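Structure first, then comments.
Any value given below was found using the heavy atoms of this structure, including those in side chains, with hydrogens, waters and symmetry copies removed. Throughout, residue positions are numbered sequentially from 1 according to the sequence presented. Just so you know, these numbers come straight off a predicted model, no measurement behind them.
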Amino acid sequence: MNPNTTVALPQRGPAEHDRREQIIKAANEHFRHYGYSKTSVAELGKSIGVSSAYIYKFFESKQAIGEAVCAQYLGHIDATLFAIADNGQSATSRLRNVFKSLMKKGLELFFEERKLHDIAAVAAANRWCAATNHRVALYGIIERIIVEGREAGEFERKTPLDEVCMAILSAMTPFSHPLMLEQKTPEELEERVVAITNLVLRSLAC
């Protein structure tokens, strides 16, 4: 998969429709309360007063609904990281803050929205479009910071840009992949994000 290529989410019907948003909202609430696996399309339909058949006019499956909910949440994370990439600080500071914020958002999902974390884990394990597009967004954020860091004379220019970006994206995986976040305590992750970020920044130095 090209790291710059987003994937269209599976959907039916008009992209912008009040009913679509109503279904996503109901799914978000049900998934948070009951979990993805224990929520049926019939239950979602009942909660908003429509049939399962009607929901299938907008989404081809429960997975497609899960994708929409997951994409919405991951989109919030991406927006936060893009804001960091655009905040005018040095490239070094921005890259450090992207690492920290990514880990913080992952921990919030794990500890405060555990059932949504489970959906994110399913999305990552099964390479849902939402997870793929989140990875594409991360690559774009990294690329922007590296390019601007090179232009400002903060980072070396000899290593091919795509190689640098893919390496950093891989280094971020322990702080962004739902299943990997489960394997360490918050304290361990805090230590690791500092150590890995320092190592990355040393490798980028001129």
Side-chain angles (χ1 to χ4, degrees), residues 1 3-4 6 32 69-125 127-128 130-157 159-206:
M1 172 70 64
N4 295 308
T6 57
R32 286 172 186 267
V69 171
C70 193
Q72 196 174 71
Y73 191 87
L74 292 176
H76 293 319
I77 295 177
D78 295 340
T80 297
L81 300 181
F82 272 117
I84 292 173
D86 287 336
N87 69 10
Q89 294 182 340
S90 68
T92 297
S93 295
R94 283 180 282 162
L95 189 58
R96 187 180 296 280
N97 288 334
V98 164
F99 266 96
K100 288 182 179 179
S101 184
L102 186 62
M103 180 200 67
K104 180 181 177 182
K105 291 295 183 182
L107 289 176
E108 286 176 359
L109 186 63
F110 180 65
F111 286 105
E112 299 174 21
E113 297 284 0
R114 183 52 201 248
K115 287 185 167 60
L116 286 184
H117 172 274
D118 293 343
I119 300 175
V122 171
R127 297 185 178 182
W128 283 7
T132 297
N133 290 342
H134 176 55
R135 187 173 174 84
V136 171
L138 285 179
Y139 185 95
I141 290 164
I142 294 166
E143 185 177 48
R144 180 182 306 180
I145 294 173
I146 297 303
V147 167
E148 293 180 4
R150 288 182 169 189
E151 291 173 349
E154 292 181 59
F155 300 150
E156 60 87 15
R157 297 168 175 259
T159 310
L161 179 62
D162 60 342
E163 182 179 316
V164 171
C165 293
M166 285 303 299
I168 296 174
L169 184 63
S170 297
M172 286 181 173
T173 301
F175 314 112
S176 62
H177 196 294
L179 296 178
M180 295 187 74
L181 282 167
E182 297 180 14
Q183 298 174 12
K184 301 294 179 183
T185 66
E187 293 75 20
E188 289 174 321
L189 287 169
E190 289 277 1
E191 291 178 358
R192 288 183 179 230
V193 78
V194 171
I196 289 176
T197 305
N198 286 343
L199 181 61
V200 168
L201 289 172
R202 283 197 296 270
S203 73
L204 293 172
C206 295

Is there a donor-acceptor pair under 3.5 Å between the side chain of [X] and the backbone N or O of [Y]?
X	Y	value
Asn87	Ala83	no
Ser203	Val200	yes
Arg94	Ile84	no

| Can you name the closest pair of heavy atoms from Gly149 and Ala91 and give their distance? | CA-CB, 3.4 Å
| field | Taking every non-hydrogen atom, the tightest pair across Ala131 and Ala123 | value |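 Taking Ala131 first and Ala123 second, the nearest heavy atoms are CB-O, 3.6 Å.
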Set of residues satisfying side-chain hydrogen bond (donor to acceptor under 3.5 Å, both in side chains) with respect to [X], sequence neighbours excluded:
X	answer
Thr92	Glu154
Gln72	Asn28
Glu191	none

Kindly write out the residues that satisfy salt bridge (Lys or Arg N to Asp or Glu O under 4.0 Å) with [X], not counting sequence neighbours, or none if the list is empty.
X	result
Glu188	none
Arg32	Glu113
Arg96	none
Arg144	Asp86

| task | Any salt bridge (charged side-chain N to carboxylate O under 4.0 Å, His left out) involving residues 74-84? Give me the pairs, sequence neighbours left out, ordered by first then second residue. | result |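 Output for this query is empty, none listed.
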| message | Applying salt bridge (charged side-chain N to carboxylate O under 4.0 Å, His left out) as the test, list every pair that has at least one member in residues 195-206; sequence neighbours left out. | response | none
Reported [atom1]-to-[atom2] distance for the pair [X] and [Y], which is rounded to 0.5 angstrom:
X	Y	atom1	atom2	answer
Lys104	Asn97	NZ	CG	11.0 Å
His134	His177	NE2	NE2	10.5 Å
Leu138	Cys165	CG	SG	11.5 Å
Ile196	Ile168	CD1	CD1	12.0 Å
Arg157	Glu151	CZ	CD	7.0 Å
Thr173	Leu102	OG1	CG	9.0 Å

For [X], give me all partners under side chain to side chain contact (heavy atoms under 4.5 Å, CB included), at least two apart in sequence or on another chain.
X	value
Thr159	Arg150, Glu156, Glu163, Val164
Ser170	none
Val193	Phe99, Met103, Phe175, Thr197

| request: Might you work through the side chain to side chain contact (heavy atoms under 4.5 Å, CB included) test for Val98 and Ile141, ending with a clear yes or no? | output: CA-CA 9 Å; Val98 164; Ile141 290 164; 4.1 Å; yes
Can you check whether [X] reaches [Y] side chain to side chain, under 4.5 Å on heavy atoms?
X	Y	value
Leu169	Ile142	yes
Thr132	Trp128	no
Leu81	Lys105	no
Leu201	Phe155	yes

| SB check Glu190 Lys100 (cutoff 4.0 Å) |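 No salt bridge links Glu190 with Lys100.
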